[in-house]
2 protein chains.
Amino acid sequence: MQTIAPELAELAALIADPGRAGILSRLMDGRAQAASELARVAGVTPQTASWHLARLVERALLKVERRGPRRLYRLATPLVAQMLEGMMTVAAIDPQPSRPLPWIDAEMRRARTCYDHLAGELGVAVTDAMREHGHLHLDQEAGELTASGRAFLRDLGIDLRSPARSRRLLCRPCLDWSERRPHLAGRAGAAVADLALQRDWIRRRPQGRSVEITAAGLVAFRDLFGARI
Amino acid sequence: MQTIAPELAELAALIADPGRAGILSRLMDGRAQAASELARVAGVTPQTASWHLARLVERALLKVERRGPRRLYRLATPLVAQMLEGMMTVAAIDPQPSRPLPWIDAEMRRARTCYDHLAGELGVAVTDAMREHGHLHLDQEAGELTASGRAFLRDLGIDLRSPARSRRLLCRPCLDWSERRPHLAGRAGAAVADLALQRDWIRRRPQGRSVEITAAGLVAFRDLFGARI
DNA sequence: GCAACGCTTCGATCATGATCGAAATGTTCA
DNA sequence: TGAACATTTCGATCATGATCGAAGCGTTGC
């Protein structure tokens with residue numbers, strides 16, 4: 001039975017090193033980072049990080065662009081982010097009753113971006129609020145934006161039309177590994193996160209992929225979305 | 001930045017061994033298999049397979065049930081299957097221009113089950129046909145069953161109502177790693193696969209997770225679904 | 001109870017790959 | 001052109017874990 005198992009193992013081996021896992025995790029916000037920053041989060045020397053990065057690029061998990069004397073690395077495709085989402089979900093479950101759950105950084109748990117959409121308590125609260133207001137149907141597997149939801153996002157100034165065809169799919173669930181419940185992803189989720197950044201409801205923290213909810217953001221998420229946050 | 005990276009690496013390390021990857025791949029059809037069968041597909045001795053299986057169970061990727069003198073292993077949750085789907089998708093891409101694509105077993109490419117739904121050429125053909133008949137909207141991220149699609153499945157004898165609430169989500173895409181295009185998954189996909197097995201349109205092959213399309217199945221998929229297969 | 005069978009545990013061996021110091025490469029700016 | 005800086009390459013060392021033979025355990029059936 002010739003199958004894909006060898007490639008699967010090879011891919012997994014690439015993620016199996018704590019340094020490389022840290023690098024990939026750091027890049028899950030979709031932005032590009034310099035090699036030195038990635039060496040820092042991986043907790044290794046620059047030369048070791050360079051070795052790791054070369055392997056990740058070679059296997060096309062990352063792509064690199066030169067910006068002056070530094071090299072910026074980012075996830076090669078959204079597919080890689082989606083794969084990592086799925087792995088983190090399983091990694092966070094680990095329902096070994098005896099073993100205590102890993103303590104997760106409070107800022108990460110509170111609010112972060114997951115590639116292009118909101119995650120953490122914030123992401124789940126916004127999703128729950130939209131669901132309660134009838135803007136959204138969502139379960140672990142699938143999601144659907146209602147007419148009410150389309151109108152709601154339109155009123156917020158989000159244009160969901162795109163150069164694609166008229167009938168479009170906007171909404172998918174993404175299982176939040178820290179909250180263990182689904183939050184809004186897909187085009188609609190990305191649009192909400194974009195809006196929040198543009199209106200300064202959230203700000204990216206200089207390091208890590210957690211975000212800070214501004215005072216204006218707290219008001220907006222509560223009043224506009226009805227989120228309990 | 002305390003994050004989930006160490007757990008991610010640990011999880012990946014578990015999949016990074018070719019033997020364990022083969023075992024997990026073999027179990028992707030959702031059924032339980034005996035340790036000896038899994039040793040065979042992994043290409044290792046029974047004692048080595050036992051060691052691998054113990055690690056996978058300990059980390060809750062698999063669960064085991066004793067059936068007489070033998071032990072049957074299966075994926076612990078659908079979440080594990082979904083994670084492996086995502087990894088296989090990335091593993092199959094590997095767009096290194098120089099390296100030739102792995103040759104994929106013809107039977108696997110033709111038709112197989114992906115946990116609970118159809119995959120391979122068959123899965124994609126059925127999905128495409130449903131899409132062309134307006135039963136389905138599907139892109140890489142999200143999916144939606146139309147009213148026409150609900151009626152179509154109802155006429156086939158598929159009852160999509162479940163003990164859950166009335167407005168339900170049935171449909172998600174699953175990126176087919178051999179065809180590199182999305183096929184139908186979620187509750188609707190599982191229902192179609194169930195139907196095909198019940199009506200003997202497909203038969204599970206004794207070993208491996210590829211399935212055989214019967215003569216009746218070929219007719220059914222072509223005439224009932226309009227699939228080009 | 002005993003034999004047959006499936007599976008697991010133990011112990012020793014062996015290979016792979018992660019690491020960092022040192023040095024080289026490449027880019028920018030003066 | 002030369003200095004400063006980011007990153008990569010090279011080489012040697014070291015730790016982890018995959019493997020299988022041999023032996024042990026547990027279940028079934030006679």
Trainee: Please report the distance, rounded to the nearest Å, between CG in A/D17 and C1' in D/dG17.
Mentor: 14 Å
Trainee: Nearest whole Å is fine: how far is D/dA18 P from B/L14 CG?
Mentor: 9 Å
Trainee: Have A/S178 and A/R109 got a donor and an acceptor in their side chains that come within less than 3.5 Å?
Mentor: no
Trainee: With each end axis built from five pairs of C1' atoms, what bend angle do you get for the helix from C/dG1-D/dC30 to C/dA30-D/dT1? Round to 10°.
Mentor: 40°
Trainee: Enumerate the protein-to-nucleotides 7-10 of chain D contacts in which both atoms are nitrogen or oxygen and the separation is below 3.5 Å.
Mentor:
residue: D/dT7; atom: OP1; partner: A/A35; partner atom: N; Å: 3.2
residue: D/dT7; atom: OP2; partner: A/S36; partner atom: N; Å: 3.1
residue: D/dT7; atom: OP2; partner: A/S36; partner atom: OG; Å: 2.9
residue: D/dT8; atom: OP1; partner: A/Y73; partner atom: OH; Å: 2.4
residue: D/dT8; atom: OP2; partner: A/S50; partner atom: OG; Å: 2.8
residue: D/dT8; atom: O5'; partner: A/S50; partner atom: OG; Å: 2.9

Trainee: For the pair made of CD1 in A/I15 and C1' in C/dG17, what is the distance, rounded to whole Å?
Mentor: 17 Å
Trainee: Show, in sequence, the C-alpha distance, side-chain angles and deciding distance for A/R110 and A/E107, and conclude whether the salt bridge (Lys or Arg N to Asp or Glu O under 4.0 Å) test is met.
Mentor: CA-CA 5 Å; A/R110 174 70 171 169; A/E107 291 183 348; over 6 Å; no
Trainee: Would you kindly compare A/R66 and A/G19 by the position of their nearest DNA chain C nucleotide and give the one closer to the 5′ end?
Mentor: A/G19
Trainee: Grab the CZ-C1' distance between B/R55 and C/dT9 for me, whole Å please.
Mentor: 14 Å
Trainee: Measure from CD on A/E65 to P on D/dA6 and round the result to the nearest Å.
Mentor: 18 Å
Trainee: Reckon A/H52 has a side-chain N or O less than 4.0 Å from the OP1 or OP2 of C/dG17?
Mentor: no
Trainee: Any side-chain hydrogen bond (donor to acceptor under 3.5 Å, both in side chains) involving residues 188-204 of chain B? Give me the pairs, sequence neighbours left out, ordered by first then second residue.
Mentor: B/T113-B/R204, B/D200-B/R203
